[in-house]
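Notes for the one structure printed next.
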Amino acid sequence: MRSAVCDVTEEDLVRRAGATAAKDGVLDVLVANAGTGWPGPVQLLDKAQWHIAFDVNVVGTALCIKHASSVVRSRGSGAVLAISSVEALRTGKFMPAYNVAKAALDTLVACAARELGPLGIRVNGIRPGVVLTEAVSAQLTEKSLQAGLRQTYLGRLGTPADIAMAAAFLASEDASWVTGQMLNVCGGLSVHDGANYEGLARMVFGDSLIDDVFATTAERTR
């Protein structure tokens, strides 16, 4: 297996990385996973901090697609995956550069899918929720992690394996007719909650039935 260190904001390094990956004659999947953001309110972020978010998330991904697709094209088929975020759909407080850059990345996926489809190259993206990577664990406070957990319908935070399995599907022949799509892998975090009518439901069905419906298996077997 070959490897190359690459700063995705430097086009020549991206080109060299693509050439390194293709030296054995096979490059059929690109996963553009580099991403970053700069925290702070709109009123305080400066031009350089906005550029960091866009250069890595958007321009860096575009450069990876550019140079990888030229190699994949010679095979007549291939898959490109861009790692976005559910934050592309949300309005996170004090992280506007990240949210806006990820939303732009989603549009890049759609544009690239349209252009590369005739070449046999599928382009899709994944929007992870809160995934317990080392970086996330180090950067987020326990309060932030608990807030993310409360908004995640499945009751647990994500793991790198959750994202890897989704990527494996989108890169495989099982997804041979899927392109231009963004797959939310987030435990339900991306769903926008509507009004809560629990009180009305309890009036209609009674407390005991409602409580029984939402009791966990462990609670029922105590």
Side-chain angles (χ1 to χ4, degrees), residues 31-45 49 52-54 56-58 61 81-107 109 124-171 175 178 181-202 205 207-222:
V31 179
N33 189 40
T36 192
W38 199 286
V42 173
Q43 298 95 324
L44 295 181
L45 292 177
Q49 291 161 345
I52 288 172
F54 272 82
V56 175
N57 292 291
V58 184
T61 300
L81 303 176
I83 306 301
S84 180
S85 169
V86 295
E87 293 303 314
L89 305 172
R90 296 157 64 88
T91 53
K93 190 173 183 179
F94 295 157
M95 193 64 83
Y98 182 79
N99 289 64
V100 174
K102 288 300 189 182
L105 174 59
D106 290 2
T107 301
V109 167
N124 294 291
I126 295 173
R127 296 193 191 106
V130 182
V131 178
L132 285 177
T133 62
E134 292 182 7
V136 168
S137 298
Q139 293 173 14
L140 295 185
T141 64
E142 182 61 27
K143 183 178 179 180
S144 297
L145 290 173
Q146 289 301 318
L149 184 60
R150 286 194 298 272
Q151 298 175 66
T152 301
Y153 291 178
L154 292 181
R156 71 170 177 85
L157 300 180
T159 67
D162 291 319
I163 310 305
M165 287 186 287
F169 163 69
L170 288 173
V178 179
Q181 305 303 307
M182 300 300 303
L183 176 61
N184 298 325
V185 185
C186 60
L189 181 62
S190 64
V191 181
H192 296 284
D193 289 343
N196 186 341
Y197 295 100
E198 181 178 341
L200 182 59
R202 288 181 179 275
F205 292 98
D207 289 339
S208 61
L209 280 176
I210 296 295
D211 290 340
D212 184 62
V213 165
F214 290 102
T216 64
T217 300
E219 289 171 334
R220 290 195 182 103
T221 57
R222 282 177 184 172

Pairwise side-chain contact, Ile126 with Ile163, heavy-atom cut-off 4.5 Å (strictly under): yes
Side chain to side chain, Leu149 and Val130, heavy atoms closer than 4.5 Å: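 Result no, sub-4.5 Å side-chain heavy-atom pair not found.
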How far apart are the closest heavy atoms of [X] and [Y], and which atoms are they?
{"X": "Leu81", "Y": "Ala167", "value": "CD1-O, 3.3 Å"}
{"X": "Leu157", "Y": "Gly148", "value": "CD2-C, 4.1 Å"}
{"X": "Thr61", "Y": "Ala82", "value": "CG2-CB, 4.1 Å"}
{"X": "Ile83", "Y": "Leu105", "value": "O-CD2, 3.4 Å"}

Quick one: pull up [atom1] in [X] and [atom2] in [Y] and give me the separation to the nearest 0.5 Å.
{"X": "Leu209", "Y": "Phe214", "atom1": "CG", "atom2": "CZ", "result": "11.5 Å"}
{"X": "Lys102", "Y": "Leu89", "atom1": "NZ", "atom2": "CG", "result": "12.0 Å"}
{"X": "Met182", "Y": "Leu170", "atom1": "CE", "atom2": "CG", "result": "9.5 Å"}
{"X": "Ser84", "Y": "Asn124", "atom1": "OG", "atom2": "CG", "result": "12.5 Å"}
{"X": "Asp207", "Y": "Asp212", "atom1": "CG", "atom2": "CG", "result": "12.5 Å"}

Residue pairs passing the side chain to side chain donor-acceptor pair (under 3.5 Å) test where at least one lies in residues 92-101, sequence neighbours excluded: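 Of all non-adjacent pairs touching residues 92-101, those that pass side chain to side chain donor-acceptor pair (under 3.5 Å) are Glu87-Asn99.
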Inter- and intrachain pairs under salt bridge (Lys or Arg N to Asp or Glu O under 4.0 Å), touching residues 154-170, at least two apart: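 Only Arg156-Asp162 qualify under salt bridge (Lys or Arg N to Asp or Glu O under 4.0 Å).
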Pair listing, salt bridge (Lys or Arg N to Asp or Glu O under 4.0 Å) test, anchored in residues 140-152, at least two apart: none
Solution key, residues 131-139 side-chain donor-acceptor pairs under 3.5 Å, sequence neighbours excluded:
residue	atom	partner	partner atom	Å
Thr133	OG1	Val136	N	3.2
Ser137	OG	Thr133	O	3.0

List, one per line, each side-chain donor-acceptor pair under 3.5 Å for residues 186-197, sequence neighbours excluded.
residue	atom	partner	partner atom	Å
Ser190	OG	Asn184	ND2	3.3
Asp193	OD1	Tyr153	OH	2.4
Asn196	OD1	Glu198	N	2.9

Cut-off 3.5 Å, no hydrogens considered: what does the side-chain donor-acceptor table look like for residues 35-45, sequence neighbours left out?
none

